4 protein chains.
Amino acid sequence: MLKVAIIGASGYTGADAVEILLKHPHAEITYLTALPEECCHIAQAFGQFTGRVNLDIEPLDFDKLSEKAELVFCCLPHKVSMEFVPKLLEMGLKVIDFSADYRLKNVEVYQKYYQTHTDPHNLAHAVYGLCELYRDKIKNARLTANPGCFPTGAILGIAPLLRNGLIHTDSIVVNAVTGVSGGGKNPSKNFHFPNMNENIYAYGTGTHRHTPEMEQIAGEIAGKPATVLFQPHVGPFDRGILSTIYCTPKGKYEKHALLDMYRKFYNSEPFVQVLEQPPHLKNVARTNYCHIYPAIVKDRIVIFTAIDNLVKGASGQAVQNMNIMYGFEETAGLK
Amino acid sequence: MLKVAIIGASGYTGADAVEILLKHPHAEITYLTALPEECCHIAQAFGQFTGRVNLDIEPLDFDKLSEKAELVFCCLPHKVSMEFVPKLLEMGLKVIDFSADYRLKNVEVYQKYYQTHTDPHNLAHAVYGLCELYRDKIKNARLTANPGCFPTGAILGIAPLLRNGLIHTDSIVVNAVTGVSGGGKNPSKNFHFPNMNENIYAYGTGTHRHTPEMEQIAGEIAGKPATVLFQPHVGPFDRGILSTIYCTPKGKYEKHALLDMYRKFYNSEPFVQVLEQPPHLKNVARTNYCHIYPAIVKDRIVIFTAIDNLVKGASGQAVQNMNIMYGFEETAGLK
Amino acid sequence: MLKVAIIGASGYTGADAVEILLKHPHAEITYLTALPEECCHIAQAFGQFTGRVNLDIEPLDFDKLSEKAELVFCCLPHKVSMEFVPKLLEMGLKVIDFSADYRLKNVEVYQKYYQTHTDPHNLAHAVYGLCELYRDKIKNARLTANPGCFPTGAILGIAPLLRNGLIHTDSIVVNAVTGVSGGGKNPSKNFHFPNMNENIYAYGTGTHRHTPEMEQIAGEIAGKPATVLFQPHVGPFDRGILSTIYCTPKGKYEKHALLDMYRKFYNSEPFVQVLEQPPHLKNVARTNYCHIYPAIVKDRIVIFTAIDNLVKGASGQAVQNMNIMYGFEETAGLK
Amino acid sequence: MLKVAIIGASGYTGADAVEILLKHPHAEITYLTALPEECCHIAQAFGQFTGRVNLDIEPLDFDKLSEKAELVFCCLPHKVSMEFVPKLLEMGLKVIDFSADYRLKNVEVYQKYYQTHTDPHNLAHAVYGLCELYRDKIKNARLTANPGCFPTGAILGIAPLLRNGLIHTDSIVVNAVTGVSGGGKNPSKNFHFPNMNENIYAYGTGTHRHTPEMEQIAGEIAGKPATVLFQPHVGPFDRGILSTIYCTPKGKYEKHALLDMYRKFYNSEPFVQVLEQPPHLKNVARTNYCHIYPAIVKDRIVIFTAIDNLVKGASGQAVQNMNIMYGFEETAGLK
């Protein structure tokens, strides 16, 4: 059994990682850590584990970590993450990092959206963990940058178009709605139930940090620069991201040709389903699936994708990455 | 026009009081106050007023208050309220107090559930503002203690039985579910959307402070001591309290006789509706109504009541009290 | 008092029309009709009226209608509406029609999206009732076509740009999310609570009938043909439409210049508020307001609008139209 | 691998049974049936299975069933169930029946609440499948009557008190709130999203058919007749039943003694957790757990229980019963 530690286990992604790893045939959770003030029995942090899971969340001790783990799920926030990751790698551990710190290859772009990057060395070797598109590199990765939730839903939606050079790479508009768990577990005015319930709104207009991540990966797939107008919204539900993506094709397409092209592209992918109608977000909740429907409307292509932000958009994809990195069946623990 | 000030206007009851008073034919809001750090244009505190209401929430200035108001809606928390009310009364203002400070006539009971009572003098003269039952006293009140939200729903449900001596006064169980606005506007872990959504749970078992209030009023109506087992719950909706009340009758009743008795009791009440089936909470949302259905099950009487916790359970009833105190039509601004 | 009848009063728009008209200072509801099988006391159709409103919904009788009404709110579905409206007009009544039957000026477009148009004569004289843009024509209208809910939110968002010729009229993408009441009151699989709760999804891709309505009005405002890619979604909340509109400007704009332009355009409008941040849908619930935020992202303009689909998107706007048609203060009954 | 068929697989309990059995180490789904008009690929009936599960729901064919199954999960409605079960047993299949047809031992009681019982012979041999209390009988059962969802939550809450003779068996009041999935998958006015959202209400006052089931089992545990006043409610969430149970103890109890007694009673139960505070319903969602908190309030005992109505209240408990009947580890597929 692969020994897995989760650092920063007290958040929603930590909880989902525990939930998934518990069912994994080849991996076991051996160590959970968090900030000292958040340490407790896991059932105190997440009541759904009461009686089901007997694990403590402890303050991080590197000696213990070294002894107990081979792989680390690093669920720390950006900036904090790159303070810990170098040490983890030095200790000979492999790392799947949930933060943004190792996703953006261009340090200047990172620094524009975040802050000074303090670990450019490891950044250079990190592999972007969008499994469907970077599988071969992930196989040999020691440090995998688990993709952002919004980029996962967006990129899976447009990858077939980009790879085949079918759209203008400056025409992409990603309109997405996330569930409230995407905002994390800390109470705030906006996410106070009487404010969020029966509500929906946009945020991060022109500034959301997942924009450069989308643009980098879209560009890599297309083989030329891509710009993405990304507009996130938050809606009154727990989980999931529904992305509605508008782009301009270079030529004319028939509905069925488009559908066939998507089916072929994702033909052997265990977690991507191409549908013949717009996906219902609820159907991917608590799964590692991405449901996609590509449509043609007037002279545009409109693609709809649905994922669970905490599973395919975070912990499920991390486990999928782990499976690839360790040569397990890619769907182990996830079907 | 009656000049009304709202002290502590930055909470949910303040917002609902503003909403109601704006439509009132005989009253106008002349002054809104809150703690300095919460002062702002009302549309900043409550976005639903954007463009509709042009009022500022200001720090309390007694001179201004004296000049601008005849009546004060005191929406302060308990303990703070009784620090301000004596001064307001001395200034010659009338007060409708939303806190618990002037509801419990027995200072010892108050002190057991809350803390030392610092204004027993005014407490002695305060009138309990459950309009349907204390209308005559309210007419002449200078200080009206606006009832608690749970007691309003509970007492209206059992008053006909108590007044007519039909039930054992030690048999009353009040099982109630409130919407999340009942917990106030401050974010907290329990009311963080991903924790409260799709959830429901009990709290305050054996300790909720509305218990002695229910017992005091139930006892007054019955003319002898009453005990109430009150168990509140909170459910995933914004507004309203659904109370399911179980009690043991002294004799045998027929369904129709019970219904008739309730209808007669509330016959002339503008805001109480006796139904022939259990009320849907949604039907009283944003109204000052209480819907009641009394039923007989086996050897018990079961009464269902539904109110909006912020309207009939707070600001609507305050306006109803104001209407009674000033001789306005009792339904003014409320229908 | 203006005597108003509501034909087709048993749906959600009927209920909201009743709610608003009850508070109107210059109008009174004198007659409510529906299909015979839906006739009942209004409180049976809509529990929220229990005890508050004493009106019966009756089968339509033209003699009674003639006697009881001056103005008819015609809340019938399309096709049915144009079977009744000619008769109503002949009887000398004025009509505000909630259906699509009198919105599309081009009969061929209507016939492509709906069916054969059986009343082209009255269609030619009907006035499109988007108050902010067609106020002068509405004043003299005998037949006002109340706008669709989605077009209301969309057009108010882009009208300033179109009127001033600032955007390419073939670049408009309207991404909208409506609450479930937009789907009407009839139970269906998709809107069964366990299917709709915690869900969100797109529908009507490339086929939604509000598309030609948006294009017609956008074209009229711009003075030249406009195409709109309109993509509706439905989300897990009762009320409201949040529209996120993407379009390509002809030149460069500064954020503040854009905001100023919008403010000037809607300066004297009582029900349009230009915000400095994306609107929260909940803030317009149960109001006749439209909240708008125009932003610039990269080389696009992105406009956010929020309305209540049943108020500004239906019954509230109908009352606003009534106010204009009868020379009442435009905000009467609506503030 | 045990071959399991699900008859009546097109409802919510069928979907959850599929979800659970798919993960079961010793059982496999070999046959799914439903009414001809509901037959389809399972992903068409339940979108969450898209791409994950490749099973068809077929019309029932007894020959096929005989060949494909050893155990049948019979998810038919009452009355229909007892038309099929005799045949299934005759064919030598074992049956876990989800309906009420084999739960009530007293045919007269059944006939009072339901209709004529057409299979008293098999009823006499059926075992009531509340695992924690009837484990020994279940081991040898050929026909297990899977308990009702409300009785499961209620009985687990009071069993320790009844078994130890600590309460008056005529004092039991069960106040329960279920999620909307408890009402089944067929659309209806009450469960139409805009009617159920932001709503909660009681139903079945004095008539709910789970009452005699609770009374029968409570009486068996207590060893003497028990009466239960059962009042169900439905609230705006998908899953779960929160039961708040009030009863009168024969003597005085201390809080800690009560808690200890519950802990001892359920000490070796894998799916019952005794908590020290009222359970949050969300914490048992999608699990086979029952969370219980027993409290003392004044002179009453108040017990809170939370289960998932579709798992511990239906399909999870059915799998638990299967595990017991076939000698599998009791938690197989359920942890």
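Bear in mind that the values here come from a model prediction, so they are computed numbers and not experimental data. Per chain, numbering begins at 1; letters A, B, ... match sequence-line order.
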Verify the neighbour count for atom NZ of D/Lys335: are there more than 12 heavy atoms of other residues, nucleotides or ligands below 6.0 Å? yes
Which pair of heavy atoms, one from C/Asp238 and one from D/Pro194, lies closest together, and at what distance? OD1-CA, 3.6 Å
Looking at D/Ser188, D/Gly183, D/Ser181, which makes the most heavy-atom pairs under 4.5 Å with chain C? D/Ser188
Do D/Phe191 and C/Pro187 make a side-chain contact, defined as non-hydrogen atoms from C-beta onward lying under 4.5 Å apart? no
Working to the nearest 0.5 angstrom, can you tell me the gap between C/Lys189 NZ and D/Lys185 NZ? 7.0 Å
Proximal component of C/Phe237, with respect to chain D [non-hydrogen, under 4.5 Å]: backbone
Matching residue for C/Phe193 among D/Asn197, D/Val234, D/Asn190 - test: side chain to side chain contact (heavy atoms under 4.5 Å, CB included): D/Asn197
